[in-house]
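Presented below is the structure to which this report refers.
Letters A, B, ... mirror the listed sequences (proteins, then strands); counts begin at 1.
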Amino acid sequence: MTTSLEKDPAATDTTVAPLQVTDLTTTFVSRHRSVDVVRGVSFTLRRGETMMLLGESGSGKSVTARSIMQLYGSAAKIGGSVTMNGRELLGLPAPELRSLRGGQVALIPQDPTGALDPLRRIGSQLVEVLGVHGVATTKQAARRRAEELLAMVGIPDPKRVADSYPHQLSGGMRQRAVIAIAVSCDPQVLIADEPTTALDVTVQAQILELIVELQQRSGTAVLMVTHDVGVARDFGGRIGVMYAGRLVEEGPAAQVLGEPRHPYTSGLLAALPTPGVARGALRSIVGSPPPVGAFPAGCAFAPRCPQARPSCHEQDPPLVTVAPDRAAACPVANPGPAQERAA
Amino acid sequence: MSDVLLEATGLNKTFGNGVRAVADVSLTVHRGETLGVVGESGCGKSTTGKILLGLLAPDSGDVTFDGESIPAMNRARLRALRARLQVVPQNPQTSLNPRLTVRSSIEFNLRAHGVARAERGPRVLALLDRVGLTAAQSERFPHELSGGQLQRVAIARALSTSPDLVVCDEAVSALDKSVQAQVLNLLADLQRETGVAFLFISHDLAVVEHISDRVAVMYLGRVVEVASAERLWEAPQHPYTTALLSATPGQGRERIVLHGELPSPANPPSGCGFRTRCPVAEDVCADDWPALVPVTPTHAAACVHVTPQAVPATAG
Amino acid sequence: MTATIEASPNAVPGSGAAPTTAPRRRRRMTVSARIAAGVVALIVLVAIVGPLLVGDPNAGDAARRLLPAGSAGHILGTDGQGRDVFARLIDGTRLSLLAGLVPVLFAAVVGTTLGVTAGLSGKWGHRAIMRTLDVFYAFPAVLLAIAIAAALGSGISNSIIALAVILVPPVARVAETETRRLADLDYMDAARASGASRLAIATRQVLPNVAPPVVVYCTALIGLSIVYAAGLSFLGLGVSPPTAEWGLMVSDHTQYIYTAPFLAAIPALAILVASVAFNVLGDGLRDLLDVRSEARA
């Protein structure tokens, strides 16, 4: 758990934070229409800290992560501010952005197969990344470093794997290779976009342990995107629950998942099958998450919310502090003016 | 009338590429119960499901449905039986024909079993109503519905001919958790009302534990443990089951991280297929794949570390 | 085409399996495809009513032979026998179009039936059908058509039969490929598990999926078929003189290539325009009928 508590994102010293996201908006524009996918997300990621973005399909969690790296090019309009160590990333010229990606900020994608070049050996792909970012100067040094990295991510015979093509490796090994590439330049921020969703449970456990281990070793800040409450619970750190492109609740994972304040978070937790719940008695949320492009007006969760008030359908409640180090975007979650004053 | 609805004995299936997908699998489904089948990718759970549905012929072994052998049936008999043996497929995006409306998809099944044209319309609407969809949605095409709605339609279609057994192959795995809970509740309600039995195939142990009466755990094409859902959750006997439980995130169990990966089913290790990753493997494990031995009358596991008990096994 | 097809908001990557229940939008064909559709409609109209509006295409005046285009009373001039080229061109539309359409219609029905049957059959049924059709690929299609037409003797019906035979294998291949693609999908498992007969599965589940690509492919084939039919006539294996038909007209006019060089170009241009129009329309239909992007999330 984090010890330095955040009261108000605007009030804290932002220059030291490896990653500060303020009022991020992402709008996909096509010839025919534009679709708001991320609608004002703010959070701070400190050194060595983990931040989870938890949400269901269409919540904008992956898009938030990828918008930080500005991976959408001209397909998306990104607004707000993203700073790394105080330096604004939005609007950076392409060459600077490229050197930043894979250098100071690296991505572990969901599907390792798509992240690797199928026609090149793993070793040569690693060597290339090391060369581009100037980590290794000679070919031999790069090759040595590549094998070290593969060993570091728990690949038993790095020499053989370095000489393998992606299709010769299992899904878990491929994901380890992708992680090796991601951490090769010692990034300050590691963005993991559902890194284990494509893997089997027993392999998923290995990969999650690996990410924790790498983080503890290097002090990298990790932004992890997941739809799996269990993964979020195990990973700890801070958590941001997303719904319809907004952050609806934020705080330390243990607190948010132990004692949720937002009705969506509590609904999501109650919907999980857990031992002891009688069959057929899961407390589901009515309806389904709204599809991208069709977010309801007001609070997007209001149509599914058991505690919705008439005003919820008109006004989208802002994310406000509801307890020390906890924030929620719901009038129901706010116990009263006393706490608001405290914030 | 026997309590046993479906019984599979000694199923084997090896594909042309040498993958031994199913090896010596025996399972029993009782009337009105839910048997969960859990395992990771490549463990043979889906292939087993297809054999039980009569969509795939086993190389050896037998499947009896209500006392009648499915592999031995002629085509006409099998077609008639299919009214009683249905399927809800995995992927909402492909479980319905994209070119057919919801109504046409369900009517197709009714027509196959001789329901008169005039009767089909009202039956479709009643089924959709039962799974929580509206009459207006019956004229929609699959791409106009959400994943949860699509799986509801697939459930309505499966139930249209009042089956005794529905094979749910990862039927809720692709759904969002908040929607998954709705569909799981729906399945439980329908079972209570109609007495239908489910064979519930999934990789998600928490879901299987919730929905099932009994659970079979598969690894590399074999059943390694069978027990009641509660018993499996509380007192797993096979080291793979224990590891699988501990790897399921968010359960707060002490995590046993298995080393290595699932061996290729085309080239399995000698002896017990799990021994290469097993934390308690011994030399003897390399000899033979252990048989399922009963731990209690309703609990069996295939591991040399399990102490057999002098009680007749009914699990299986 | 009245199909309403929803466009996928494919500019929303990475957002997981978001259901795409976006507002309905009618998908349109491209401008070029719409022009092609207009040309095709015009050709069909000319084929139906054209012959009623022009004079006798066989009425020739030997004294007024090889008049240049733009001559009084002969907008496109006259041919070697003094017949009005415009009247013959209009009158020939009917036979040329018929020679394009009929073989393709036949090939569409037979090819789809064979292709779907092969796609749904077991290993041996599939092999028997597809290997038999492969025999046709051993010969160049045109050569095969010439051989068949020659064996049957000249005449429009024989040339249609010859073309129908050579067009069946490619259509069957398209239908078979599509059927095989469906075979592994969940809903086909569900259809097999429904207890429906194979015929019901083929006609009610498979055909609605196979029909759109076959229609698209066949539309483009019409253009090819018109060219082939003209080719057979050119070689004297199709329509016999003095009937007006584009291919025969080209053949007829080429003997004057030195005296009236543009004469042969007139029917050749008609063949080109018709063939291109059907091809472009085929491409347009593909865009219009393609809903596969919606099926994926």
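Looking at B:Q151, its side chain does come within 3.5 Å of a backbone N or O of B:A171 through a donor-acceptor pair.
Of all the heavy atoms in C:S225 and C:P103, the pair that sits closest is OG-CG, 3.7 Å. Nearest heavy atom pair, residue C:L163 against residue C:Y228, reads CD2-CB, 3.4 Å. Minimum interatomic distance between B:T161 and B:A83 (heavy atoms only, all atoms of both residues): OG1-O, 2.9 Å.
Of the listed residues B:H113, B:R111, B:R157, the one with more heavy-atom pairs under 4.5 angstrom with chain C than any other is B:R111. Between chain B and the residues C:A191, C:A200, C:P212, C:S197, the largest count of heavy-atom pairs under 4.5 Å involves C:S197.
Interface with chain C: from residues 38-50 of chain B, residues B:K50 qualify, criterion being any non-hydrogen pair under 4.5 Å.
A distance of 7.5 Å separates CD in B:E139 from OG in B:S104, rounded to the nearest 0.5 Å.
Neither the backbone nor the side chain of B:L81 comes within contact range of chain C, judged by heavy atoms closer than 4.5 Å. For C:A211, no part sits under 4.5 Å from any heavy atom of chain B, backbone or side chain. Residue contact with chain C, scored on non-hydrogen atoms closer than 4.5 Å, involves the backbone of B:L96 exclusively. Using a 4.5 Å cut-off between heavy atoms, C:I201 touches chain B through backbone and side chain atoms alike.
Between B:R20 and B:D59, none of the side-chain N atoms (NZ, or NE/NH1/NH2) sits under 4.0 Å from a carboxylate O, so this pair counts as no salt bridge.
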Check against side chain to side chain donor-acceptor pair (under 3.5 Å), B:Q90 and B:S173: CA-CA 7 Å; B:Q90 167 176 15; B:S173 305; 5.4 Å; no
B:R31 and B:D66: CA distance, side-chain angles, deciding distance, salt bridge (charged side-chain N to carboxylate O under 4.0 Å, His left out) verdict: CA-CA 10 Å; B:R31 278 176 212 286; B:D66 224 354; 2.5 Å; yes
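Put simply, the side chain of C:S275 reaches to within 4.5 Å of the side chain of C:N279, judged on heavy atoms.
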